[in-house]
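What follows is a single structure, written as structure tokens, with notes after it.
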Number of protein chains: 4
Amino acid sequence: MAGRDEQSEAGTGEAFGGPAHRPGRPRSAEAGAAILGVATDLLAEKGLSRMSIEEVAARAGVGKATIYRRWPSRGALALDAFLTEFQSQLTLPHTGRFREDLRAAVKSWVRAVATTRAGRMLAGLIAEAQRDPDLAVAWRARVFNPLREQHRALVDQAVRRGDLPAGTDADLVLDLVFGSAYHRLLHGHLPLDERFVTQAVDLVVDGLECGQGRRPRAHGPGKIGGNAGHRAH
Amino acid sequence: MAGRDEQSEAGTGEAFGGPAHRPGRPRSAEAGAAILGVATDLLAEKGLSRMSIEEVAARAGVGKATIYRRWPSRGALALDAFLTEFQSQLTLPHTGRFREDLRAAVKSWVRAVATTRAGRMLAGLIAEAQRDPDLAVAWRARVFNPLREQHRALVDQAVRRGDLPAGTDADLVLDLVFGSAYHRLLHGHLPLDERFVTQAVDLVVDGLECGQGRRPRAHGPGKIGGNAGHRAH
Amino acid sequence: MAGRDEQSEAGTGEAFGGPAHRPGRPRSAEAGAAILGVATDLLAEKGLSRMSIEEVAARAGVGKATIYRRWPSRGALALDAFLTEFQSQLTLPHTGRFREDLRAAVKSWVRAVATTRAGRMLAGLIAEAQRDPDLAVAWRARVFNPLREQHRALVDQAVRRGDLPAGTDADLVLDLVFGSAYHRLLHGHLPLDERFVTQAVDLVVDGLECGQGRRPRAHGPGKIGGNAGHRAH
Amino acid sequence: MAGRDEQSEAGTGEAFGGPAHRPGRPRSAEAGAAILGVATDLLAEKGLSRMSIEEVAARAGVGKATIYRRWPSRGALALDAFLTEFQSQLTLPHTGRFREDLRAAVKSWVRAVATTRAGRMLAGLIAEAQRDPDLAVAWRARVFNPLREQHRALVDQAVRRGDLPAGTDADLVLDLVFGSAYHRLLHGHLPLDERFVTQAVDLVVDGLECGQGRRPRAHGPGKIGGNAGHRAH
DNA sequence: TCTTAACCGAGACGGTACGTCAAGTCTTCCT
DNA sequence: AGGAAGACTTGACGTACCGTCTCGGTTAAGA
């Protein structure tokens, strides 16, 4: 795994019944905060690939072992640093109109990655996850999937309201919209701005709205007949 | 820069007038081929991040300097190895119907990255490009942009034929379709298969076809009139 | 210093009048015994240089601080472990004939270091004492000097009996005999066995017995006359 | 093994027929000299146990790998540094009189270890050899045995001349004399000076000279009858 | 034919960072 | 206050590669 280690203060199990201290000297909160802070700075400064555990330790005034005791790898540390920066920046609005909600959600994400140092961290994390399977797992579990669930709820609500056709493939929609945003982030070939978000969301929502009826979005072989109408234009 | 070095056999300057050899012993073609071959194997075997110049040199029976003389970095070498594998696998059909052409183009790309070792290489290259700006430049110049030009031609032709509304933003379309495919490649959260391609292309093309009149896809306001005829279907 | 610490159970003050506890929880006798036992095992198993306080603590089920509270260094602990093993193995016979007594004393020492795990410990301690001056002091105070006093008594008695010439330098004799034994222990170039002991002792005693009249063994020239009477036996 | 590595310049095999270059860049003589020099300084300054490869590399302006490429361990490096210092300081005189020759040889050794930084190095090396079997082997092969052969020759010549009885056990003699000197070096309980050397040599040579005839120095059980004569003086 | 210039393999060079280990100290709760 | 536990800072370990360099030795073109 690539997240925090066992003695994490983010514990979930100690629900009630007291502080549940482990034996031994507790981990130093200062040390942890200093490490995360320095890691965040270094990440923004030179990118994950140029951030070394050695330098984090030196700048944080901490031994390397103190870092390795808490995070199993550079990537895991970076993931925590990223979350600290990133999570506070996202807003998930719910106006009741799908097009606006999706626009707002994507814009919020884009603003977070394009205008703060989180973007640089994010690209580095995705790169690191290509080489570190543990980090990839942690990434999906702690960042990707939670966000996707929130976004998927947007789609599902729209379907329930009747704004979108039944059978709409939420993953397809989200991969199109967010995938294209990641694309611009990673390749930098074109600007990742609000105009792009508006256009992308509109195009996809248009496709959903008028493509319905004609074609089942999910499985089934029945797309042949549905395509008939297409031929018209 | 991250491409081949000056004394490249892909030279452009020897336009006419003969072989234009430099003085000195010419570069060994065997060495170059051996290096590329070993690099390809290693890339497929363990990924770019685990491939070291040291090991390439050792396996190819070549001195490290011979590699550095030809490629400026690990990424540049990997880029060449990737192109050797990748380029032969793409087909760019032109049936005349945009939806089919785009589907075929994306499927060809997906097949190349999802069913061969090129996919692994590709993910590694994108990761490496996040840390190596020279490689990022070379990547765009030698892989990304050429392919995009070909695909953009598909869109432009469709617009010219009237299959798509004038003012269609080709980059937006391509970022949506290919961006979502890259997304699944890099995060691995869902399968990157032909069904996904079909659905993604259909959704985007639907959006293009019916979203048109309502909203200008491109900048200026003057497009509204031009789009009028489209509104018919 | 490198011996036991202040609150030693070898205390002298609790002579009468009760347990004379210091404030606070008294030291656990089990802990001390467990530490010494584990240390002895580890010493025999892998040598002093490969014995770590960390492992002693873990195997003894004891906190590291509990060890450091009682012994100031790894060497001091090893010294105690060595003494526990070693001291019971020595016998100091007194037959009244110097040659036999010295032979027996050296053989007893040789047997202890050559046939038990004490030998390995001893070599390790001498090595450690080269780097740790505190241990060197403790070593001399608790092992080397006490033993030397016993052996010196042998020589002194022989001189008093007239078996050896007056003015015999006991330290010289003992350094020759025991020094050569340590030599074989530390360098391992030749066997350290009873035959060697016999030959060494005989050669040195021969030298003492017949070298006398010709040369003063100890300081100053004034001893010549004094030694005259010795020649009688 | 703990001596120099394979590509040693001390080669013996290239007797004639040229320089016998290995492929690749030759090792830098400056680097080697700098390393040895710094190692010698550090050894004298703080002892082998406090000398770290890290610091040698830093002070010599050399990468750690350059040291590890040439010496397999800290001990092996220290051994070479010791030899550089030590070997030039020994003189092996041959006057023809055994007592004087042995005295001179031991005094030369004592002077080298007691008055120069070689002594500190020597004690550290012997300590290190207790924990590193490879170093122990190298120590015996490169220092101990060569010196012993020279000294044994002294004894053997004396026997051939008739100065010493046939059957004299040279190893026994040398272990007594040098063993006692090492003893004082390692334990520091008494001064290691020229007076000590004179006394020790004289005592041992006396023992050899007058113990003869009465007792075979080698093997044989026949020492009982031989002891009869003892009572005579 | 002889230079010359750039290539070739090999491998050493000074470095950086790795991840691990143990040192000796400190901090917590419990007995 | 002692004890078990275990986190703390420190510093060194030996390894892996980096990108550069220096060898002896090829291989053509051009003088």
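Everything numeric in this text was worked out from a predicted model, so none of it was measured. In what follows, chains are A, B, ... by sequence order, proteins preceding strands, each numbered from 1.
Taking only side-chain nitrogens and oxygens, Thr66(D) never comes nearer than 4.0 Å to OP1 or OP2 of dA12(E). Phosphate contact (OP1/OP2 of dA5(F), side-chain N/O of Arg25(A), threshold under 4.0 Å): absent. A close approach under 4.0 Å does occur between a side-chain nitrogen or oxygen of Arg70(D) and OP1 or OP2 of dC13(E).
Rounding to whole angstrom units, CZ of residue Arg50(C) and P of dC13(F) are separated by 15 Å. Rounded to a whole Å, the CZ atom of Arg59(C) is 17 Å from the P atom of dA4(F).
For the pair Gly61(C) and Ser52(D), both in contact range of DNA chain F, the more 5′-proximal nearest nucleotide belongs to Gly61(C). Comparing Ala60(B) and Glu54(A) along DNA chain E, the residue whose closest nucleotide (by nearest heavy atom) sits nearer the 5' end is Ala60(B). Projected onto DNA chain E by closest heavy-atom contact, Glu55(A) and Gly63(B) fall at different nucleotides, the more 5' of which corresponds to Gly63(B).
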Exercise for the section: Could you go through the salt bridge (charged side-chain N to carboxylate O under 4.0 Å, His left out) check for Lys46(A) and Glu55(A) one step at a time? Expected result: CA-CA 12 Å; Lys46(A) 35 168 76 170; Glu55(A) 190 174 3; 2.9 Å; yes
Practice task
For Arg59(C) and Glu45(C), run salt bridge (charged side-chain N to carboxylate O under 4.0 Å, His left out): C-alpha distance rounded to whole Å, both residues' side-chain angles, the deciding distance at 0.1 Å, then the answer.
Solution key: CA-CA 13 Å; Arg59(C) 281 212 208 177; Glu45(C) 204 176 290; 2.9 Å; yes
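Comparing dA23(E), dA5(F), dG14(F) against the side chain of Tyr68(D) picks out dG14(F) as the nearest. The side chain of Arg69(C) has dG3(F) as its nearest neighbour among dG3(F), dA22(E), dG6(F). Closest to the Ala65(A) side chain, of the nucleotides dA7(F), dC8(E), dA22(E), is dA22(E). Comparing atom distances between the Lys64(C) side chain and each of dT25(E), dT20(F), dT20(E) picks out dT25(E) as nearest.
Judged by distance alone, the side chain of Arg27(A) and the main-chain N or O of Gly32(A) form no donor-acceptor pair under 3.5 Å.
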